[in-house]
Colleague: 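Could you have a look at this structure, given as structure tokens, before my questions?
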Amino acid sequence: MCGIVGIVSNRPVRARLVEGLIRLEYRGYDSAGIAVVNGQGIVRRRAPGKILNLQSVLDDAPIDGTCGIAHTRWATHGRPNTENAHPHQTGNVAIVHNGIIENFKPLREELARSGHIFATQTDSEVIAHLIQYHLDKDMDEESAFLASVDRLEGAYAVAALVGDANQTLYAARHGSPLVVGFGDGEMFIGSDAFALAPFTKRVLYLEEGDSAVVKIDAVCVRDNTGKPVERQIQMASISAAMAEKGNYSHFMEKEIHEQPEALARTMAAYIDPQSEMPLLAESAPLLENADRLVAIACGTAYLAASVAKYWFESLAGVHVETDIASEFRYRTPALPENGTALFISQSGETADTLAAMRYCKRAGLNTIGVLNAPESSIARETTAVMRTLAGPEIGVASTKAFTAQLAVLAISAIGTAQLRKKLNAVEAQRHIKAFEHLPELVRQAIATKEQCRTIAPTLAKAKQVFFIGRGVYYPLALEGALKLKEITYLPAEGYAAGELKHGPIALIEEGTPVIVIAPSDPLMEKTISNVEEMAARGAKIIAITDEAGAPQFEARAEHTIVLPDMPGLTGPIVAAIPLQLLAYYTALELGTNLDQPRNLAKSVTVE
Ligand code: G6P
């Protein structure tokens, strides 16, 4: 989604604004721009497409100054062309915006009546005109900015340059994150601490409703009532080096390979090394005593929730309802009086998940965030946080965050089962012991990459691809299909293996690839019957199984990816790896932009 960077300094800022934008590329965008205050007032440059295009515009017509704002835009209102790219400017005001201004139409009509002429189809442009309108009423810069922000409804993070020679950044946050960075003789604002990592690690997170006036050596933050407030300066947990690709071609490839360490780190936080028992800390009472659990998320995180439902229900005997965040709060859900809601999110900023979390809080539920970003909005508002320690995930298609979410949820399910006396200590310990070798099992799964690479050309040529599984491997089949769709743009569908004959089987043609996830478990035989049904209709079977299951597929599958035996609840975590690798190598084969697939955003901060 849209990214914001701002710098006020005693030296030129253009190059670093562009550097900050490059670090925001991972969020997903389709145009970019910058504006600076120079001797002649506020000047800007914008371009559709990648930042490279903006750089060549800047090379052809250079601008620089010591105070500036920059933006990557993910189009919502209006096509991704130069005209609609941010910064939006009118007179002595330039703004950048992330989010959606819901009341932009009435505001635009009102401003048009007083003579303002709009140049774009965006909702954001209205902010620049509102500020100019207030300046024209003889308000000072800060009052004009605050009065304008006051009129906005919807979600926003805004940064503005106000006045043609003013070395000040104005910023406000309502629904979309914004941080202020403290440098040496300069100050920054950014959509996240990651964008500012090369410049500073000392950051302050604006809270909901905050506004900030940022000068070269000071920041004044006001809360939503306009009262000056102190917000704590923190050391951001991300370093610039953590976000380099190293020897890998893509962030996704690097992140796939980081999974053994990411899982080891995550598990270490949730397993007591002495007793080998789950450590659920502040989440324990919320899981032990809830009448029902509600697990809410979007995208891949929702599929982690869907796997967890099987674990919590079968081990802990607790009813779990899973919901897609964007559906949940609009369907008047019947919520338990004594319930706990889990919000699973890599970024902790997904607008729908955040809104669903607030909905649950208002309804009186306890809330737990299973989150990768510790400083995120959801982390700050939930009753308890269970962190996934996957490290920064930059590739748009989630990999290591997903498997880390599964690890946390699996250990939580075991812990909950023990707390609810559905497992005794010995049984719980046996389940936990199964995780001992998980990093090594994942390493072995990554070693199937050469085989996945040889399967990729078949998938790349396919008209469509099916993924099937039963039990915990059903949501995993959905994840396999989602991964493939996201980065290859191939039509791909995931189905419960037993459901295929109720419709989707009609789509099977001679040579249609069907990827079957079926390690040896009590359901494997049933899945094999479904495989027979597919094969009888010409499907090309690609099996993902374990050593014990492999013989079953010898005569049935064109390719069999053999994973090591996966004890206890580790299966879906290990089996996720070849799904990631198949998507990765198929995308390589097709030459798509793997880390920044078209139209997608890493952190979706609009509804
Ligand atoms: C976007 C990303 C997905 C991610 C989803 C939820 O769609 O492209 O990879 O699964 O958002 O994001 P979250 O940060 O809440 O896990």
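All values below were derived from every heavy atom in this structure, side-chain atoms included, with hydrogens, water molecules and symmetry-related copies excluded. In what follows, residues are counted from 1 in the order of the sequence shown. Atoms within a ligand are numbered from 1 in the order they appear, just like the ligands themselves.
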Colleague: What I want to find out is whether E208 reaches R173 closely enough, with some N-O distance under 4.0 Å, to be called a salt bridge.
Modeller: yes
Colleague: Out of Q346, E486, K483, who is nearest to atom 3 (C) of ligand 1 when you count heavy atoms only?
Modeller: E486
Colleague: Can you sort out which atoms of ligand 1 are near K602, meaning under 4.0 Å from one of its heavy atoms?
Modeller: 1 (C), 2 (C), 11 (O)
Colleague: Heavy-atom distances under 4.0 Å are what count here, so tell me which part of E349 touches ligand 1: side chain, backbone, both or neither.
Modeller: neither
Colleague: Hey, are E381 and R362 close enough for a salt bridge, meaning a charged N less than 4.0 Å from a carboxylate O?
Modeller: no
Colleague: Can you list every pair that meets side-chain hydrogen bond (donor to acceptor under 3.5 Å, both in side chains) and has a residue in residues 572-584, with sequence neighbours left out?
Modeller: H250-Y584, E253-Y584, Q259-Q580
Colleague: Any heavy atom of L600 sitting closer than 4.0 Å to ligand 1?
Modeller: no
Colleague: If the contact criterion is a heavy-atom separation under 4.0 Å, does A601 count as touching ligand 1?
Modeller: yes
Colleague: Could you pull out the closest heavy-atom pair between I4 and S191, with the gap in Å?
Modeller: N-OG, 2.7 Å
Colleague: Considering only heavy atoms, does A401 approach ligand 1 within less than 4.0 Å through its side chain, its backbone, both, or neither?
Modeller: neither
Colleague: Between R73 and D30, is the closest basic N to carboxylate O distance under 4.0 Å?
Modeller: no
Colleague: Report the nearest protein non-hydrogen atom to atom 5 (C) of ligand 1: residue, atom name, distance rounded to 0.1 Å.
Modeller: C298 O, 3.9 Å
Colleague: Which residue and atom name correspond to the protein heavy atom nearest atom 14 (O) of ligand 1, and how close is it?
Modeller: S347 OG, 2.6 Å
Colleague: Do the charged groups of E313 and K309 touch, with an N to O distance under 4.0 Å?
Modeller: yes
Colleague: Using distance alone, decide if ligand 1 has a nitrogen or oxygen within less than 3.5 Å of any nitrogen or oxygen in V396.
Modeller: yes
